[in-house]
Amino acid sequence: MEHDWNIDYKQAVKLQKKLAAKVLLEDSFGHIHRIGGVDVKASRDGYLYCAVLVFTFPQLEILQKQAIKRKAAYPYIPGLLSFREGPAVLQCFERLKTRPQLVFFDGNGFMHPRRLGLASHMGLLLDLPSIGVAKSKLLGQFREPKNQKGSYTLVKDAGQVIGAALRSREGTKPVFVSSGHRICLQSAIKFTLNVSQYRICEPTRQAHNFLAKAF
DNA sequence: GCGACAG
DNA sequence: ATCTTGTCGC
């Protein structure tokens, strides 16, 4: 079922390509009334902290909060973020009494060199629809979206649309949205806008705030 | 070789 | 991500 996490760069890249072929880029879910937000942070003394919050949708009332702490066993390498944060995310999900029906991640999904960013990787292993919302760009070309909430431009790489630069709030830099698993880009953009009050969408923003005071 | 590089 | 206070602006 779950694969090995302690593998070198070469093997990790190979595994990403293999898993990317299993990702579904189409909507594969019913009525969504429960969503989740995930965030991971690292401390200088070598620990990772992960929080998963579950909310009602679209009301966004908090149903559950879970957080875990564990030693970081993998370094941060651009393109291999899921190998560093993935184990912590899965461990935190095991603590959930009720799983969300759609999950937001702080990072990318399809907008990735091998098209398997953290959101796609986790969505696949958890078998849950997922969306990646990154605060900065990992790769791709795009033009600045208009300064109006909801405005977006497509991000492309290798002649392919990999995600969108979305203005989640007027007067702020755009966020980078991409499909994680079991959802198309248009739906990912729509859901992200529906849960964005500030620049960072509520699910991950609140997971981040929770981590700031959870330990 | 040079620049870029999620968190 | 982390190191870190005040400060400029809506």
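Throughout, protein chains are lettered first and strands after them, A, B, ... in sequence-line order, and every chain is numbered starting at 1.
Side chains of A:Asn209 and A:Gln206: a donor-acceptor N/O pair is absent below 3.5 angstrom, by distance only. Between the side chains of A:Asp39 and A:Thr204, no donor-acceptor pair is found at a separation under 3.5 Å. Side chains of A:Arg167 and A:Gln148: no donor on one and acceptor on the other come within 3.5 Å.
Taking atom CZ of A:Arg114 as the reference point, atom C1' of B:dC5 lies 12 Å away to the nearest angstrom. Taking atom OH of A:Tyr47 as the reference point, atom P of C:dT2 lies 16 Å away to the nearest angstrom. The OH-P distance, from A:Tyr49 to C:dA1, rounds to 15 Å in whole Å. Atoms NZ (A:Lys173) and C1' (B:dA6) sit 13 Å apart, rounded to a whole Å. Between A:Tyr76 atom OH and C:dC3 atom P the separation is 18 Å, expressed in whole Å. Following rounding to the nearest Å, A:Tyr9 (OH) and B:dC5 (C1') show an atom-to-atom distance of 10 Å. Going from atom CD of A:Gln141 over to atom C1' of B:dA4 covers 12 Å, rounded to whole Å. Residue A:Glu85 contributes atom CD, which lies 9 Å from atom P of B:dG7 at whole-angstrom precision.
Using cut-offs of 30° and 60° for the angle between ring planes, the A:Phe191 and A:Phe29 rings count as perpendicular.
Across all strands, A:His121 comes closer than 4.0 Å to no nucleic acid atom at all (heavy-atom distances). Across all strands shown, A:Asp106 has heavy atoms under 4.0 Å from sugar-phosphate atoms exclusively, and none from any base. Nucleic acid contact for A:Gly79: base, since at least one base atom lies under 4.0 Å from a heavy atom of the residue. Among the heavy atoms of the strands, none lies under 4.0 Å from A:Leu211. Note on A:Leu48: nothing from the nucleic acid sits closer than 4.0 angstrom, heavy atoms only.
At least one donor-acceptor pair under 3.5 Å links the side chain of A:Lys41 to the backbone N or O of A:Leu211.
Here A:Ser136 reaches the OP1 or OP2 of B:dG7: one of its side-chain N or O atoms lies under 4.0 Å away. Within the structure, a side-chain polar atom (N or O) of A:Lys135 is placed less than 4.0 Å from OP1 or OP2 of B:dG7.
Comparing C:dA1, B:dG7, B:dA6 by their nearest atom to the side chain of A:His208 picks out C:dA1. The side chain of A:Arg44 approaches C:dC3 more closely than any other nucleotide in the set B:dA6, B:dG7, C:dC3. Here the side chain of A:Lys137 is nearest to one of B:dG7, B:dC5, C:dT2, namely B:dC5.
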